[in-house]
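To start, the structure itself, in structure tokens.
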Protein chains: 2
Amino acid sequence: MHQPASTIDHVFHALGDATRRAIVVQLGRGPASVSELATPLPISLAAVVQHVQVLEASGLVATRKQGRVRTCSLIPNTLLEAERWLAQRRALWEGRLERLEALMQVRTSIDHAATTAPVDAATEEEPA
Amino acid sequence: MHQPASTIDHVFHALGDATRRAIVVQLGRGPASVSELATPLPISLAAVVQHVQVLEASGLVATRKQGRVRTCSLIPNTLLEAERWLAQRRALWEGRLERLEALMQVRTSIDHAATTAPVDAATEEEPA
DNA sequence: ACAAAAGTCAAGTCGTTACTTAACTGTTGG
DNA sequence: CCAACAGTTAAGTAACGACTTGACTTTTGT
């Protein structure tokens, strides 16, 4: 699994780098030129340009060039997509938990009633 | 910026790999052993073990070993932390947008009233 | 017109990381 | 007891990714 695939792949790969996240943080405060982004960073301008390219390819930032200055800004919707990806995994897992806890409730309240009874909901092998 | 720093750094770095995300997806459906995680993947068991170690170090998954089988499960709270990081960037940005739009409203409704008036809110240099 | 500013592009270096194979440790069913 | 199972560890390889330097282009202020 060494090749990039979906958009979400690009997004998370882009966010996987600390410098790029620093750039995202900065852009959260508002649009900025490449040089402005570079100023607080301990790397060369050229390196920042490369990071911006990665961020742009991932759909996390948009850039527009006017004259000699390229202005970068966040695309919040892509942030949202990443959020949703995470939220979905979490929701699935927490859904499972809830079902398990519900099952525990039933088990402990009925308890001795039916030890061999088919309490088979939500353990393994979901239908789809 | 080549060294890992905060927890969030570990988390996003872990999520930056497609194979690891596939594992997270799988674990979203419920706990699984290392072998179970490995089955659908086109890589060796040893490689999967390494990925699991990265995920565990990042705080995204917890593992427990019973007998010879190590069972892995998601830690939803870490997912939530990552979600919040993204949500915060987005909120900041969208807050800016709202303020800008509000400003536009004012500008276009008042319009010619005071071209030289100090409408200086939310443009540059936030206090803290 | 010219120099500085703001990027861009192309190589090339170097550390990191994903992966493999192979040898090894514990565990479990028969 | 022993064979298969589940995983672990170590060492090595190959590719990737972050970064640098240097040469070049375009724009802008004076």
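Note on naming: letters A, B, ... go to the chains in the order of the sequence lines (proteins, then strands), and numbering restarts at 1 for each one.
- The NE2 atom of A:His13 sits 12 Å away from the C1' atom of C:dT16 (whole-angstrom rounding).
- One atom, CG of A:Leu45, and another, C1' of D:dT26, lie 15 Å apart when rounded to the nearest Å.
- An OP1 or OP2 oxygen of D:dT9 is reached within less than 4.0 angstrom by a side-chain nitrogen or oxygen of B:Gln53.
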Counting only pairs under 3.5 Å, give me each side-chain donor-acceptor contact of residues 70-81 of chain B, with atom names and distances, residues two or more places apart or in other chains.
| residue | atom | partner | partner atom | Å |
| --- | --- | --- | --- | --- |
| B:Arg70 | NH1 | B:Thr63 | OG1 | 2.7 |
| B:Thr78 | OG1 | B:Gly59 | O | 2.5 |

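- Here CG of A:Leu37 is found 9.5 Å from CG of A:Leu45. Values are rounded to the nearest 0.5 Å.
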### Task
Determine, stepwise, if the pair A:His51 / A:Ile43 fulfils side chain to side chain contact (heavy atoms under 4.5 Å, CB included).
CA-CA 11 Å; A:His51 281 304; A:Ile43 58 178; 4.0 Å; yes

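- For DNA chain C, none of the residues of residues 55-65 of chain B falls under the heavy-atom distance limit of 4.0 Å.
- Looking at A:Arg21, its side chain does come within 3.5 Å of a backbone N or O of A:Leu15 through a donor-acceptor pair.
- Counting to the nearest Å, the P atom of D:dA18 and the CG atom of B:Asp9 are 12 Å from each other.
- For the atom pair CD1 (B:Ile8) and NE2 (B:His10), the distance works out to 11.0 Å, reported to the nearest 0.5 Å.
- Regarding A:Ile43, its CD1 atom lies at a distance of 21 Å from the P atom of C:dT13, rounded to whole Å.
- Following rounding to the nearest Å, A:Glu36 (CD) and C:dA6 (P) show an atom-to-atom distance of 9 Å.
- Cluster membership check: B:Leu41 shares its hydrophobic cluster with B:Val61, using side-chain heavy-atom separations under 4.5 Å among Ile, Leu, Val, Met, Phe, Trp and Tyr.
- Under a hydrophobic-cluster definition in which Ile, Leu, Val, Met, Phe, Trp and Tyr are linked whenever side-chain heavy atoms come within less than 4.5 Å, directly or via other members, B:Leu55 and B:Val69 are assigned to different clusters.
- Remark: B:Thr19 is in phosphate contact with C:dC19, judged by side-chain N or O atoms under 4.0 Å from OP1 or OP2.
- Follow the hydrophobic side-chain contacts under 4.5 Å out from A:Val54 and you never reach A:Val25; the two are in separate clusters.
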### Message
For nucleotides 21-30 of chain C, give me one character per nucleotide, 5' to 3': B if any protein heavy atom sits under 4.0 Å from the base, S if the only such contacts are to the sugar-phosphate, - if neither.
### Response
B----BBS--

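- Straight-line distance from the CG atom of B:Asp17 to the P atom of C:dT16: 17 Å, rounded to whole Å.
- Among B:Arg89, B:Arg84, B:Arg90, the single residue meeting the side-chain contact (heavy atoms from CB on, under 4.5 Å) criterion with A:Glu83 is B:Arg90.
- Atom CG in B:Leu41 sits roughly 15 Å away from atom C1' in C:dT20 (whole-Å rounding).
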